[in-house]
Structures are given as structure tokens and as C-alpha cells.
**Student:** 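I am attaching a structure below and will ask some questions about it afterwards.
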Number of protein chains: 2
Amino acid sequence: MTNKLNLNNLTKSEEDYLKALFQLLIEGGSAKVGNNQLADYLKVSPASTNNMIKKLKAKEYVVSEKYGKLELTEEGKSIAVRLIRKHRLWETFLCNYLNFGWDEVHDVAEQLEHIKSQKLINELDRFMDFPTKDPHGEVIPNAAGEYFILPKTTLSSLEEGAICQLISVNDASVTFLKYVSEIGLALSSEIKVLEVREFDGSIKIQFNNTEETVTRKFGDNVFVKVI
Amino acid sequence: MTNKLNLNNLTKSEEDYLKALFQLLIEGGSAKVGNNQLADYLKVSPASTNNMIKKLKAKEYVVSEKYGKLELTEEGKSIAVRLIRKHRLWETFLCNYLNFGWDEVHDVAEQLEHIKSQKLINELDRFMDFPTKDPHGEVIPNAAGEYFILPKTTLSSLEEGAICQLISVNDASVTFLKYVSEIGLALSSEIKVLEVREFDGSIKIQFNNTEETVTRKFGDNVFVKVI
DNA sequence: TTAATTTGTTAGTCATAGCTAACTTTTTTA
DNA sequence: TAAAAAAGTTAGCTATGACTAACAAATTAA
Ligand SMILES: [Mn+2]
Ligand SMILES: [Mn+2]
Ligand SMILES: [Mn+2]
Ligand SMILES: [Mn+2]
């Protein structure tokens, strides 16, 4: 009896907690993630996360000591990656085949990612001819759960004069995504940082012969590759 | 404040109960449906249905008197039809685009029908160019919730000598559907009833130059049009 | 028309997954 | 290093939606 990854015995909530932990720890690159941070991220109370973490520890998806930081086991990570794969494949399907805008897909994908059917997701992948990026520029794990997690450099972390390319955007805020589209930014856009204002962290950027001033918060949600 | 059909405030369970009631009362054509019959159909205890019916009555989707039979309000029906539309559109998508067999789609559609997004289902409909029948021959309600509910004539109700065409099949049993395919029956197949054996209700039928003997139970799950 | 059977209801229990309020431990700051 | 703040935990509550066991009403059979 080896490694029986019981993908089908997890509740929606359990899946969501594992995904959140993965996104904080691995995709987000946080060295340590605590109970309250997770609660914040999931917009639930610390008591709720504490409770769920107990369950996930009992099921051996999470490891932590009392009052200590949270870690995912390999099985915990594996479940999270499969969920992320489903989420991103669905987002891609909605955008590329069902006329959804990139600002409209996340909430629906949050529901669709919990549909339990291995065949469904692998056939959807095949149907779209195995896409590698979702509408927000994020890498889609393959059927084996493998994918390259690129370290996230935010636009707001760059110095004046830096030139970069837009790689991906945070997909969770509808208003942010609409705003990005509105000013004419898109994946692959080349951006030059003209000015970083110390006073409020706002950034003046140039792209497509346009100049825009954006806030630090905006820049925190735009991920780039320096060129 | 008119007719506010709060489609999004229903739980998965509430939706399932309304759909079950609709399928018994309207699609199934039962004159009266009671609490225990509903419990049977949904494979839950009578106490559970009793409890849920109370909630649905409070929300005005169901009407019934104490110890009386169950009825759906117009709003209750409307919700059920929308659910049936979603179910059948998803089944169609799985069969026609994702290489699912007709015996594999029902369980997945049971999950997908609860995804809440008006746009998703209407775009899926458009993407498939507005199909009118699902893989089991059942009529798909349109975006306005309109569809023709054809009265179900079972193969087992026919007399010896009758000739009919296969219109639809019960989609809930995987083994039944596999069996139908295996013997070579399909939607639109022309079937002649050669013999009805009184002893056990078994039926000898002829189709595609083949003869087969099937049970009454089999015939109960095959719906036909006499020609 | 009484008795048996079926049908429907109620009470009380359980699991999941949220919450608040109170508390403890750890970390930070003064 | 002691006090304050932050982080984590626990207890106890709520809602949903299952369940069983016990009971009441309605229907059917004798
Ligand atoms: Mn998303
Ligand atoms: Mn995305
Ligand atoms: Mn079905
Ligand atoms: Mn069907």
C-alpha cells in the first residue's frame, strides 16, 4: 500500500486551505507562514484556520509544531498543485473559448477547480492543446504536476530606469485587472520605469508610447522580468 | 420589488431537492409526490427530506400541507429547469468535445450543474451552437427555460408487434448505458417488439438485423416513440 | 370499522466549517 | 528584562444537512 493520494476524499475547504498555503509558501516564496497570515489570506478568522490546520495535520498534508510555522508535506503540495492546474486550465478555457475577459474568470474558476474528475481536466487540457500559461501569465502545471515556478519580481520593486517585460498579473481583483487593460497594459508589454517617487511609492512608467503614473499597490500586483 | 429569482442564494442541496421534485412531478409525470418518495429518489432518509422541504416552503419554492403531497411553485420549477439545462449542456459538452462516453457524463454533470455563472452556461450553449438534445436524447431547455417535455413511453409498455424508435434513455446508471451500447442500440434505433413474455415481463426485440431478449427493468429505462 | 401498514413528522445526534470571546504563548519594544 | 503587542489556541456558539429512533396521521386491508 503505497502513497495513496486520496484526491477525492478532500472537501472544498480542505482543498482551498492547501492551495492557499502553497501559494503563500511556494509560489509566494514566503519563508515562513503562520496561522494568522493564512487566516488573513483566506479572509477567515484565525480560529477557523487553526481548526482546519488540525485536520490537515491529522491527514498528514500539513506539518507544524504548536505555536510554530506551517509547512506542507509532499502530498499536501501535490494536492495544491493539482488544484492550481485545474484553476488555470479552466481560466484558460473560459478566456479562449467562452468569451470571458481576464477579469471575469477567477471567481468561476474558483468553483470549477473543485470539480472531481481526472478525466475532465486532462481532456480539457488536450482539447486546448496543452496550454502552458493562463490568461494572467501564470504557468500551468502539466498532468504530472510539474511546472516551473518563476520567482515573482514585482514592478514596484524596480529602480528608476529599469526596463522590463510584463510576465503575469495577480488575478484575484476584478477592478485591478480592468484597470490594467484600460491603461493599455497586457502580457508581454515592455515597461520602462521613469520615476519612483519616495513620498508615496508611486511609479511613473512608460509603455506603448504612453506614460502613466501608478501606485505602489498597483505595482505590487504586476510581475515582471527585467531585461 | 418583483419576482426576484435569487438563483445564487441556493445551496447545492436545495438545488438538488428542487430538481428531484421537478423530475418526479413534471418530467416523470407523477400526479402526486410525497415526502418518502422524494427521500427514496434522492437516497436520503425521510427525515432529511422533511427537513429540507420545510426550508424550501419557507423560501416559497415548494407548497404543501402538513401530511399532504408536494408541489413546486413557479419559482421552484424555474430553478429546477435551469439546473436541468446546465446538467444537459454539460453532458453534451463532455460527450461532444471531451471524449466522454454517454455512460461517463452523468456523475460529472451532477457536479458541474451547481457552478454558479449565468455567463458560463450561456456561452457554453453558444460555443456548442445551441444543441437541443443531450447525449441520452433528453431535450435541453433554452436560455429562457423553455423546452418541450415529451411524455415518456417506455419500451416495456409496448404490446407485441409494436414498432418504435428509441428517443431517450435513463442516464443515471453506468452499467445500463454500457449494456445499451454493447448490444448495439443507440438513439434513433428502430425497434420491433417481437414478444412480451408474461411470466417475467421480459421482451424479445429486433433492431439492426439483431434479436435480443431484455428484461422488463431494461425496458423501463428505454424511452420510445411508437411509429 | 377496527387493525395493520404505510407515510409523514419530530426530537435529538453527528460532522463540517464558519464565528466571537477569552486565554496563552511568543515576539517585539521600551 | 519587564511590559506591550502580536500570534496562536481553546471553548463555546451557529448553520447546514445528513442520520436514527420514536411517534403521529393517513391509508389500506381484514
Ligand atoms: Mn485565478
Ligand atoms: Mn490566473
Ligand atoms: Mn444526467
Ligand atoms: Mn442526460
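Residue numbers start from 1 in every chain, and the chains themselves are labelled A, B, ... in the order their sequence lines are given, proteins ahead of strands.
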**Student:** Using a heavy-atom cut-off of 4.0 Å across all strands, would you classify A:Thr11 as base, sugar-phosphate, or nothing?
**Tutor:** sugar-phosphate
**Student:** Which word best sums up how the rings of A:Tyr97 and A:Phe127 line up, parallel for under 30°, tilted for 30 to 60°, or perpendicular for over 60°?
**Tutor:** tilted
**Student:** Spell out protein contact along nucleotides 18-29 of chain C as letters: B when the base is contacted, S when just the sugar-phosphate is, - when no protein heavy atom is under 4.0 Å; keep the 5' to 3' order.
**Tutor:** SBB---BSS---
**Student:** Any heavy-atom pair between the side chains of B:Val105 and B:Phe93 that's under 4.5 Å?
**Tutor:** no
**Student:** What's the CD1-C1' distance between A:Ile53 and D:dT9, to the nearest Å?
**Tutor:** 13 Å
**Student:** Using the test salt bridge (Lys or Arg N to Asp or Glu O under 4.0 Å), find all partners of A:Glu110 that sit at least two apart in sequence or belong to another chain.
**Tutor:** A:Lys19
**Student:** Report all side-chain donor-acceptor pairs from residues 135-144 of chain A shorter than 3.5 Å, counting only partners two or more places apart or in another chain.
**Tutor:**
residue: A:His136; atom: ND1; partner: A:Glu91; partner atom: OE1; Å: 3.0
residue: A:His136; atom: NE2; partner: A:Trp102; partner atom: O; Å: 2.8
residue: A:Asn142; atom: OD1; partner: A:Ala144; partner atom: N; Å: 2.8
residue: A:Asn142; atom: OD1; partner: A:Gly145; partner atom: N; Å: 3.1
residue: A:Asn142; atom: OD1; partner: A:Glu146; partner atom: N; Å: 3.0
residue: A:Asn142; atom: ND2; partner: A:Glu146; partner atom: OE1; Å: 3.0

**Student:** Taking for each residue the nucleotide of DNA chain C bearing the nearest heavy atom, is the 5' side occupied by A:Glu14 or by B:Gly68?
**Tutor:** B:Gly68
**Student:** Sequence neighbours excluded, which residues qualify as side-chain contact (heavy atoms from CB on, under 4.5 Å) partners of A:Lys12?
**Tutor:** A:Asp16, A:His114
**Student:** Taking ring-ring contact (aromatic ring centres under 6.0 Å, His included) as the definition, give me every residue that meets it alongside B:Phe176, ordered by chain and number, with sequence neighbours left out.
**Tutor:** B:Phe218
**Student:** Hey, does the side chain of B:Lys54 come within less than 4.0 Å of C:dT9's phosphate (OP1/OP2), counting only N and O?
**Tutor:** no
**Student:** One pair to check against side-chain hydrogen bond (donor to acceptor under 3.5 Å, both in side chains): A:Glu14 and A:Tyr61. What are the steps and the verdict?
**Tutor:** CA-CA 10 Å; A:Glu14 289 173 330; A:Tyr61 296 130; over 6 Å; no
**Student:** Taking the side chain of A:Lys55 as heavy atoms from C-beta outward, which of C:dA17, D:dT16, D:dT9 is closest to it?
**Tutor:** C:dA17
**Student:** For A:Leu18 and A:Glu15, what are the C-alpha separation, side-chain angles and deciding distance, and is it a side-chain contact (heavy atoms from CB on, under 4.5 Å)?
**Tutor:** CA-CA 5 Å; A:Leu18 290 175; A:Glu15 289 184 339; 5.9 Å; no
**Student:** When the distance from CG of A:Asp16 to C1' of C:dA17 is rounded to whole Å, what number comes out?
**Tutor:** 12 Å
**Student:** So which of residues 28-39 of chain A are in contact with DNA chain D, with a heavy-atom cut-off of under 4.0 Å?
**Tutor:** A:Gly34, A:Asn35, A:Asn36
**Student:** If I take atom CG in residue A:Asn50 and atom P in nucleotide D:dG12, what distance separates them, rounded to the nearest angstrom?
**Tutor:** 16 Å
**Student:** Grab the CG-P distance between B:Asn9 and D:dA15 for me, whole Å please.
**Tutor:** 17 Å
**Student:** Between P on C:dG8 and CG on B:Leu42, what's the gap in Å once rounded to a whole number?
**Tutor:** 14 Å
**Student:** Expressed as a whole number of angstroms, how long is the span from A:Leu10:CG to C:dA15:C1'?
**Tutor:** 16 Å
**Student:** Is the closest side-chain heavy-atom distance between A:Val62 and A:Thr73 below 4.5 Å?
**Tutor:** no
**Student:** Could you check how far NZ of B:Lys59 sits from P of D:dA15, rounded to whole Å?
**Tutor:** 13 Å
**Student:** For a quick check of understanding: with a heavy-atom distance under 4.0 Å over all strands, which category does B:Lys12 fall into, base, sugar-phosphate or nothing?
**Tutor:** nothing
